[in-house]
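Worksheet: the structure to be examined is printed underneath.
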Amino acid sequence: MNTVSGDATEEEARRLRHALLGQDLRNFEEEHGAFSAGELAEAHERISAACGRDPGGTRPEQTSWAH
């Protein structure tokens with residue numbers, strides 16, 4: 001059973017993971033240089049596929065305004 005408190009905790013954990021990933025990516029770019037457009041496009045496609053979204057960023061079962 002989900003609770004409001006549990007939902008808030010999960011949201012905060014998601015935000016923290018997002019922030020840490022962002023910092024890791026910035027650190028990587030500082031050390032190795034910026035990602036190329038091709039690398040960014042490939043990453044976007046892979047992330048979209050992992051999330052069940054088409055490369056345009058929407059989930060197949062959703063309309064464009066619902067994502």
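For clarity, every value in this text was computed on a predicted model and none was experimentally measured.
A distance of 12.0 Å separates CG of Asp24 from CD of Glu29, quoted to the nearest 0.5 Å. One finds the CZ atom of Arg53 at 15.0 Å from the CD atom of Glu45 (value rounded to the nearest 0.5 Å). Here the CZ atom belonging to Arg14 is positioned 11.5 Å from the CD atom belonging to Glu10, to the nearest 0.5 angstrom. In this structure, the separation between CD on Glu42 and CD1 on Ile47 is 10.5 Å, given to the nearest 0.5 Å.
One finds no salt bridge joining Arg26 and Glu30 here, because no Lys/Arg side-chain nitrogen approaches an Asp/Glu carboxylate oxygen to under 4.0 Å.
No continuous path of ILVMFWY side-chain contacts below 4.5 Å connects Phe28 to Leu20, so the two sit in separate hydrophobic clusters.
With no hydrogens or angles considered, a side-chain donor-acceptor pair links Gln23 and Asn27 at under 3.5 Å.
Enclosure of atom NE2 in His18 is not indicated, since only 12 or fewer non-hydrogen atoms of other residues, nucleotides or ligands lie within 6.0 angstrom.
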